[in-house]
Amino acid sequence: MDWTLAGGLVAGLLIATVTAPVGVSGAVFLLPVQLSVFGVPNPTITPTNLLFNVVAGPGALWRYRLDGALRGDLTRRLVLGTLPGVVLGAVIRVYALPGPGVFRLLIACLLLPLGLWLCGRARIRPAHRPSPGDASPPRHITALALAVGVVGGIYGIGGGSLLGPILVGRGLPVARVAPAALAATFATSLVGAAASALLSLVSTGDVAPDWALGLACGIGGLLGGYLGAHLQPRLPEPSLRLLLGILATAVGALYAAQVLV
């Protein structure tokens, strides 16, 4: 096996194992790996990340389905909100925003303090069960999912790395948010990958995915996602919140570094 494909499989496996328990696909952490290690050109990175999410997603979702964690209306709300957003984001990425530094800065400003707050909250006291007032109203969740879908379509991250910290920060338990966020990530990535493939037929430049690398990373993520979802019920809620806070802080720092470099 080519070293690039082998490296992609290992990277997908390790990243998904860590991120799946908190509802993050891990595609955002593949961005620097693709760019710095595998030399994937921009904007090919975006559809390649979407391909990773499509291939890797069923692993964690199948495990969560077996555990009954996909039940409830949160999954439906997130999927219905993010689907139209990811199509719009894919169009913006190709035609209007080849270098969207402003979005990186906004995401960094959102996730850095939110991630640090989640880490501090997890260490100070155990997470409480949310009361009816903790969670956002349905229309707010749908609007949030739509906005996250647009950003996910632009960056190929699916949106779980944004939806998870925000919803958990609103008081929802990680065990409820993680499966719904991953389901939304999978659905939007499927639509986004198809949109990117269609746009590649009518536009110039590298807007099609790196199929071999995306599939290799996705197969690793498929295995890692199943393993991570299997481990989630065995981890206490404060530990999951701390892990989500660390990942949110890391994502925010990553985007901040991209803006400053």
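The chain is numbered in sequence order, starting from 1.
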Notebook entry, point to check: Between T19 (side chain) and I15 (backbone), is there a donor-acceptor pair under 3.5 Å?
Noted result: yes
Check: If you group Ile, Leu, Val, Met, Phe, Trp and Tyr by side-chain heavy-atom gaps below 4.5 Å, do V54 and V24 land in one group?
Finding: no
Next item on the list: Could you tell me the separation between the CG atom of L190 and the CG atom of L50, rounded to the nearest 0.5 Å?
Entry: 10.0 Å
Next item on the list: Show the numbers, then the answer: is there a side-chain contact (heavy atoms from CB on, under 4.5 Å) between V251 and F29?
Entry: CA-CA 8 Å; V251 173; F29 296 106; 3.5 Å; yes
Check: According to a 4.5 Å side-chain heavy-atom criterion applied to Ile, Leu, Val, Met, Phe, Trp and Tyr, with indirect links allowed, do L163 and V18 form part of one hydrophobic cluster?
Finding: yes
Check: Does one hydrophobic cluster hold both L167 and W117, with members joined at side-chain heavy-atom distances below 4.5 Å?
Finding: yes
Notebook entry, point to check: How long is the span from the OG1 atom in T249 to the CG atom in L116, to the nearest 0.5 Å?
Noted result: 4.0 Å
Note to self: Hydrophobic cluster membership, with links at side-chain heavy-atom distances under 4.5 Å among I/L/V/M/F/W/Y: are F52 and L254 in one?
What the structure shows: yes
Notebook entry, point to check: Roughly how far, to the nearest 0.5 Å, is the OG1 atom of T142 from the CG atom of L80?
Noted result: 7.0 Å
Margin query: On a heavy-atom basis, which atom in A248 and which in G115 lie closest, and how many Å separate them?
Written below: CB-CA, 3.8 Å
Next item on the list: Sequence neighbours left out, what passes side-chain contact (heavy atoms from CB on, under 4.5 Å) with I166? Give chain and number order.
Entry: L110, L114, L144
Check: For A16 and P21, which heavy atoms make the closest approach, and how far apart are they?
Finding: O-CD, 4.3 Å
Note to self: So which atom in T75 and which in A183 form the shortest heavy-atom distance, rounded to 0.1 Å?
What the structure shows: CG2-CB, 3.5 Å
Checklist line | Side chains of T82 and L146 in contact at under 4.5 Å (non-hydrogen atoms) | finding: no
Next item on the list: Hey, could you give me the CG/CG distance between L78 and L74, rounded to the nearest 0.5 Å?
Entry: 4.5 Å
Note to self: For residues L182 and V79: do they belong to one hydrophobic cluster (side chain heavy atoms under 4.5 Å, members Ile, Leu, Val, Met, Phe, Trp, Tyr)?
What the structure shows: no
Check: Taking all atoms of both residues into account, what is the closest heavy-atom pair of T188 and L83, and its distance?
Finding: CG2-N, 3.7 Å
Checklist line | P233 to A229 - nearest heavy-atom pair and separation | finding: CD-O, 3.3 Å
Item checked: Euclidean distance, E237 CD relative to R176 CZ, rounded to 0.5 Å -> 12.0 Å
Item checked: Transitive ILVMFWY cluster of L14, excluding itself - 4.5 Å side-chain cut-off -> V10
Item checked: side-chain contact (heavy atoms from CB on, under 4.5 Å) partners of A69, counting only residues at least two apart -> Y64, P179
Next item on the list: First locate atom CH2 of W62, then atom CG of D67, and finally report the distance between them rounded to the nearest 0.5 Å.
Entry: 11.5 Å
Indicate every side-chain donor-acceptor pair of residues 214-226 with a distance under 3.5 Å to a residue at least two apart or in another chain.
| unit_1 | atom_1 | unit_2 | atom_2 | d |
| --- | --- | --- | --- | --- |
| Y226 | OH | R63 | NH1 | 3.1 |

Next item on the list: Evaluate the criterion side-chain contact (heavy atoms from CB on, under 4.5 Å) for residue pair L244 and L240; output intermediate values, then yes/no.
Entry: CA-CA 6 Å; L244 182 60; L240 290 172; over 6 Å; no
Note to self: Quick check: closest heavy atoms across V174 and Q232, and the distance to 0.1 Å?
What the structure shows: O-NE2, 3.8 Å
Next item on the list: Using side-chain contact (heavy atoms from CB on, under 4.5 Å) as the criterion, list what pairs up with A212, not counting sequence neighbours.
Entry: L5, D210
Notebook entry, point to check: So, S25 and N53: side-chain donor and acceptor under 3.5 Å apart, yes or no?
Noted result: yes
Notebook entry, point to check: Which residues satisfy the side-chain contact (heavy atoms from CB on, under 4.5 Å) test with T17, sequence neighbours excluded?
Noted result: L13, L227
Notebook entry, point to check: Between the main-chain N or O of F186 and the side-chain N or O of S189, is there a donor-acceptor pair closer than 3.5 Å?
Noted result: no
